[in-house]
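Bear in mind the structure is a predicted one, so any value in this text is a computation, not a measurement.
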Amino acid sequence: MTTPLLEIRDLKVSFRTDDGVVQAVDGVSATLNEGETLGIVGESGSGKSVTMMSVMRLITDPNAKFEGEVLYKGTNLMAMSQDEIRSIRGAGIGMIFQDPMTSLNPVYKVGWQIEEQIREHEKVSRKAARDRAIELLTSVGIPNARERVDAYPHQFSGGMRQRVMIAMAVSCSPDVLIADEPTTALDVTIQAQILNLIKKLREDFGTAVVLITHDMGVVADMADRIAVMYAGKIVEQGTQRELFYDPQHPYTWGLLGSIARLDRPRPRRLAAIPGLPPSLLHLPPGCAFADRCPHRFDRCAEQPALLDRGGDGHLDACHLTRQEKQDVRDATIHPELVEERP
């Protein structure tokens with residue numbers, strides 16, 4: 001087996017607060033291979049962004065504590081100094097941030113910001129960096145890039161700012177591209193354009209992609225493998241086909257049940273997961289999803305481990321057996337079908 005391009009091993013991230021310790025990420029492990037797209041899904045606050053911000057070593061809060069390893073091409077990023085990690089950011093691992101308006105510097109022209117990153121990692125002239133910035137803006141679909149390279153972020157629409165962020169993220173041809181909610185606050189037409197652009201970049205440059213989102217439809221279209229996160233932990237991980245055609249965790253069933261499907265009868269209303277995610281300050285004992293799970297039983301008071309329960313590489317953290325899951329899954333994902341059966 002080939003060595004993964006990026007490997008996260010038992011990553012834990014906690015924050016000391018006035019109210020206590022917040023365990024934002026608790027024992028996350030995942031791998032990313034060359035040319036692969038890994039989707040990370042879950043509700044807001046599940047730890048998706050904190051996990052990847054920790055991979056990039058962008059969390060510098062003195063109250064933050066990190067445990068575990070993040071291996072990039074066999075090198076542990078968590079053991080690097082801030083000066084050493086700067087050589088990896090941008091050149092080896094690029095990131096598209098969730099909100100381009102707050103990620104781009106409002107007082108510098110977008111071209112200058114792209115040029116700065118290129119000159120930081122490559123020994124090229126200012127003119128060569130500018131020409132490369134124009135080429136990148138053109139490649140991501142910015143019209144009149146030669147003129148727009150001297151515009152400020154506020155002079156672009158939301159979709160165009162996101163394209164600028166993508167151009168900046170791929171400016172040094174990184175091996176890994178982390179896309180944190182790249183379609184947030186964009187209309188559906190622009191969302192499709194941005195996702196197609198990321199696909200094209202993966203195909204053209206062979207870049208491996210980590211796609212963070214709460215939209216199951218996006219990962220269905222983009223991801224090769226999917227990790228489902230809840231309350232700082234991965235509760236299910238498998239291939240795209242496994243997650244959509246044979247999901248094993250009740251939380252995943254809840255996410256899938258909230259999506260309307262064209263191949264099923266129209267439901268009277270979409271299913272919703274009851275309740276709210278637990279506070280990370282006061283996590284319940286045992287399974288964190290138990291209070292919201294319709295299939296809770298006595299053993300849920302014990303913390304379930306993330307295991308390959310079927311011997312097929314499909315991981316889940318649920319005490320129900322595979323047969324028990326098959327018996328109750330349809331009633332959770334599509335209750336309207338069960339109601340209509342004779």
Thinking salt bridges, do [X] and [Y] make one under a 4.0 Å N-O criterion?
{"X": "K199", "Y": "D221", "answer": "yes"}
{"X": "E203", "Y": "K200", "answer": "no"}
{"X": "R130", "Y": "D150", "answer": "yes"}
{"X": "E84", "Y": "R86", "answer": "no"}

What is the ring orientation for [X] with [Y], classed by angle as parallel under 30°, tilted 30 to 60°, or perpendicular over 60°?
{"X": "F289", "Y": "H249", "result": "tilted"}
{"X": "Y108", "Y": "W112", "result": "parallel"}
{"X": "F297", "Y": "H319", "result": "perpendicular"}

Determine, for F156 and R148, whether the Lys NZ or Arg CZ falls below 6.0 Å from the six-membered ring centre while staying within 45 degrees of the axis. yes
Does the cation-pi check pass for R241 over Y245, that is, NZ or CZ under 6.0 Å from the six-membered ring centre and within 45° of its axis?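 The answer is yes; both the distance and angle limits are met.
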Give me the atom names and distance for the closest heavy-atom approach of [X] to [Y].
{"X": "R16", "Y": "P62", "value": "NH2-O, 3.2 Å"}
{"X": "R202", "Y": "M222", "value": "NH1-O, 3.5 Å"}
{"X": "I234", "Y": "L306", "value": "O-CD1, 3.6 Å"}
{"X": "M56", "Y": "I85", "value": "O-CG1, 4.2 Å"}
{"X": "A24", "Y": "L280", "value": "CA-CD1, 3.9 Å"}
{"X": "G90", "Y": "C172", "value": "O-CB, 3.6 Å"}

Sub-4.5 Å side-chain heavy-atom contact between S29 and I8: no
Heavy-atom distance under 4.5 Å between the side chains of L104 and M165, does that happen here?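 Yes; the side chains approach each other to less than 4.5 Å.
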In Å and rounded to the nearest 0.5 Å, what is the [atom1] to [atom2] distance from [X] to [Y]?
{"X": "H121", "Y": "R89", "atom1": "NE2", "atom2": "CZ", "result": "9.0 Å"}
{"X": "R292", "Y": "Y251", "atom1": "CZ", "atom2": "OH", "result": "6.5 Å"}
{"X": "L32", "Y": "L5", "atom1": "CG", "atom2": "CG", "result": "6.0 Å"}
{"X": "I96", "Y": "I178", "atom1": "CD1", "atom2": "CD1", "result": "10.0 Å"}
{"X": "H314", "Y": "D246", "atom1": "NE2", "atom2": "CG", "result": "6.5 Å"}
{"X": "N33", "Y": "L38", "atom1": "CG", "atom2": "CG", "result": "9.5 Å"}

Would you say the side chains of E236 and T252 form a donor-acceptor pair under 3.5 Å?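 Yes - a donor-acceptor pair under 3.5 Å links their side chains.
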Are V13 and V21 connected into the same hydrophobic cluster when the rule is that any two of I, L, V, M, F, W, Y join if their side-chain heavy atoms are below 4.5 Å apart?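 As far as the 4.5 Å side-chain criterion goes, V13 and V21 are not connected within one cluster.
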Ring pair (Phe, Tyr, Trp, His ring centres under 6.0 Å) contacts touching residues 47-97 (sequence neighbours left out):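 The answer is none; no pair qualifies.
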Here's a test for you: under side-chain contact (heavy atoms from CB on, under 4.5 Å), which of [options] qualifies with [X]?
{"X": "V149", "options": "N144, L137, V164", "answer": "L137"}
{"X": "L136", "options": "I118, I166, I142", "answer": "I118"}
{"X": "Q248", "options": "E242, R322, Q237", "answer": "R322"}

Can you list the residues that meet the side-chain contact (heavy atoms from CB on, under 4.5 Å) rule with T213, with sequence neighbours excluded?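 side-chain contact (heavy atoms from CB on, under 4.5 Å) list for T213, sorted by chain: V41, E181, D215, V218, V219.
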